[in-house]
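The next block holds one structure in the form of C-alpha cells; read it before the comments.
FYI, side chains are in, hydrogens and waters are out, and symmetry mates aren't considered; it's all heavy atoms of this structure.
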Amino acid sequence: MRITIYSHVGTHMDPPAHIFANQKTLDQFSPEQFIGKALVIDCRDLKEGQSITIDKINIDKAVSADFLLFNLGWDKRWKDESYFNDYPCIDDEVLEFILQGNFKGIGFDVI
C-alpha cells in the first residue's frame, strides 16, 4: 500500500517562523496558546474575489473571543478546481481589527 500526500494537507498552523526569519516556531509556544473560545464568522455568502469586511464580524462577541474562525464554505469545493481559486480574504479594516485585538489566532477553511 502506498499513500501520497502533498504539503498543506489537512488542518495545520503556520507559526511566525513559517514566514519571517528568526521568529517563533510552534514548539516555542505554550499549550495555552492553542486553547480558548472561538467565534465562527459566517462568510459563506461571499463569492470568489470578494472581501471579508468588518460588517461580517459581531464586534461585541469578537472582543471576548480568543480565536476568530472565518467560515467561507470552501470545504464544499474540495476536489473541485475552484477550491484553489480566488477565495475571499479579509480587507484592511478587518486586518487592523485583528492586529489591535488580543487574539491567539485566526483560521480560514481554504487552502
More than 12 non-hydrogen atoms from neighbouring residues, nucleotides or ligands closer than 6.0 Å to CG on Asp55, yes or no?
yes

For Asp92, look at atom CG and say whether over 12 heavy atoms of other residues, nucleotides or ligands are found less than 6.0 Å away.
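No, the 6.0 Å shell around CG holds no more than 12 heavy atoms from other groups.
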
Heavy-atom donor-acceptor pair, [X] side chain to [Y] backbone, under 3.5 Å:
X	Y	result
Glu93	Thr53	no
Asn71	Asp42	no
Gln33	Ser30	no
Lys104	Ile35	yes
Lys61	Val40	no

Hydrophobic cluster membership, with links at side-chain heavy-atom distances under 4.5 Å among I/L/V/M/F/W/Y: are [X] and [Y] in one?
X	Y	result
Val63	Leu95	yes
Leu69	Phe103	no
Leu26	Ile106	no

Would you check, one step at a time, whether the test side-chain contact (heavy atoms from CB on, under 4.5 Å) holds for Phe70 with Val110?
CA-CA 10 Å; Phe70 295 89; Val110 297; over 6 Å; no

Using the ring of each side chain (for Trp, its six-membered ring), is Phe29 parallel, tilted or perpendicular to Phe34, with breaks at 30° and 60°?
perpendicular

Closest heavy-atom pair and its distance - [X], [Y]:
X	Y	answer
Glu96	Gln100	OE2-NE2, 2.7 Å
Glu48	Arg77	OE2-NH1, 2.7 Å
Ala38	Ala65	C-CB, 4.4 Å
Glu81	Asn85	O-OD1, 3.6 Å
Pro88	Leu46	CG-CB, 3.8 Å

Look up atom [atom1] in [X] and atom [atom2] in [Y], then write down how far apart they are to the nearest 0.5 Å.
X	Y	atom1	atom2	result
Phe97	Leu99	CZ	CG	11.0 Å
Ile59	Ile54	CD1	CD1	4.0 Å
Phe108	Cys43	CZ	SG	8.5 Å

Could you walk me through whether Glu32 and Asp66 pass side-chain contact (heavy atoms from CB on, under 4.5 Å), step by step?
CA-CA 11 Å; Glu32 291 76 26; Asp66 298 303; over 6 Å; no

Among all residues two or more places apart in sequence or in another chain, which pass the salt bridge (charged side-chain N to carboxylate O under 4.0 Å, His left out) test with Asp60?
none

If the threshold is 4.0 Å, N to carboxylate O, is there a salt bridge linking Arg44 and Asp109?
no

Close side-chain approach of Leu72 and Gln50, heavy atoms under 4.5 Å:
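A side-chain contact under 4.5 Å is absent here.
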
Which residue, Val94, Ile90, Ile41, forms the side chain to side chain contact (heavy atoms under 4.5 Å, CB included) with Leu68?
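Among Val94, Ile90, Ile41, the one that satisfies the side chain to side chain contact (heavy atoms under 4.5 Å, CB included) with Leu68 is Ile41.
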
